[in-house]
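These figures come from a predicted structure and were not determined experimentally.
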Amino acid sequence: MKSAIYTKRGDNGETTLANGTRVSKSDARIEVYGNIDELNSFLGLANEYVNDNTSTLKPVILSIQKDLFRISSEIAIGDDRAAHKLPRISEDDITYIENLIDKFDEGLHNLQFFIIPGGSKLSSMLHICRTIARRVERKVARFNQVQAKQQQDSNKNLAIPSNILVYFNRLSDLLFVLARYALKREGCREIIAG
């Protein structure tokens with residue numbers, strides 16, 4: 001028998017973390033992975049704009065989307081990370097993103113001015129994804145600051161692992177480069193702000 005999508009357990013404004021803890025839907029941790037979900041959805045939309053000229057981006061975007069699910073799972077577990085055997089974001093994942101930045105930036109000209117997001121649908125979508133990734137980075141940094149203050153007298157570490165913060169910093173850089181790469185591959189011009 002197929003289970004119902006709706007559970008009614010969230011009707012009172014609470015939700016359950018992966019470790020079983022009930023929290024408010026306004027909890028900062030929920031806010032973080034809600035923003036990650038938004039980013040993942042927009043990346044899916046961006047992938048729909050990939051065409052023959054930009055086809056090298058499809059597997060890259062899908063790989064990022066898979067990373068985002070891993071990150072959301074890790075954040076949802078909270079302080080029970082050690083009890084779960086989920087794959088975590090590692091230094092290798094960050095290095096992979098850095099290598100992608102170098103690869104896709106290789107044929108692009110050096111920027112001397114700010115550029116205005118736009119020029120094509122794909123490039124615009126990747127810029128939207130970039131701004132959401134920056135928002136996630138800010139939310140993770142803020143969450144960790146608050147947790148550090150709250151946990152000064154406790155042995156619990158409820159903070160989001162630092163590799164996740166670094167990952168989003170690099171991801172936003174990658175998305176910026178991919179937006180520029182898409183414009184070049186589509187034969188469109190960058191709009192200079194200066």
Q.
With a sphere of 6.0 Å drawn around NZ of Lys58, does it hold more than 12 non-hydrogen atoms of other residues, nucleotides or ligands?
A.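 Count over threshold, so yes.
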(Q) Which heavy atom of Ile61 sits nearest to which heavy atom of Leu126, and what is that distance? (A)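 Between these two residues, the closest heavy atoms are CD1-CD2, 4.3 Å.
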(Q) Under the criterion side-chain hydrogen bond (donor to acceptor under 3.5 Å, both in side chains), I'd like the reasoning laid out for Asn169 against Glu137: C-alpha separation, chi angles, the key distance, then a yes or no. (A) CA-CA 6 Å; Asn169 183 276; Glu137 181 185 7; 2.8 Å; yes
Charged N-O contact under 4.0 Å between [X] and [Y]:
X: Lys184; Y: Glu190; value: no
X: Asp93; Y: Lys66; value: no
X: Arg70; Y: Asp67; value: yes

Distance from [X] atom [atom1] to [Y] atom [atom2], nearest 0.5 Å?
X: Ile97; Y: Ile64; atom1: CD1; atom2: CD1; result: 5.0 Å
X: Ile101; Y: Tyr181; atom1: CD1; atom2: OH; result: 15.0 Å
X: Arg170; Y: Asn163; atom1: CZ; atom2: CG; result: 10.0 Å

(Q) If we count only N and O atoms by modelled type, under 3.5 Å, do the side chains of Ser172 and Arg130 hold a donor and an acceptor together? (A)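 Side chains of Ser172 and Arg130: no pair found under 3.5 Å.
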Q) Does a donor on one side chain sit under 3.5 Å from an acceptor on the other, for Gln65 and Asn40? A)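 Result is yes, a qualifying pair exists.
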Q.
Going by side chain to side chain donor-acceptor pair (under 3.5 Å), Thr54 matches just one of Thr56, Asp52, Asn51. Which one?
A.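 Running side chain to side chain donor-acceptor pair (under 3.5 Å) over Thr56, Asp52, Asn51 with Thr54 returns exactly one hit, Asn51.
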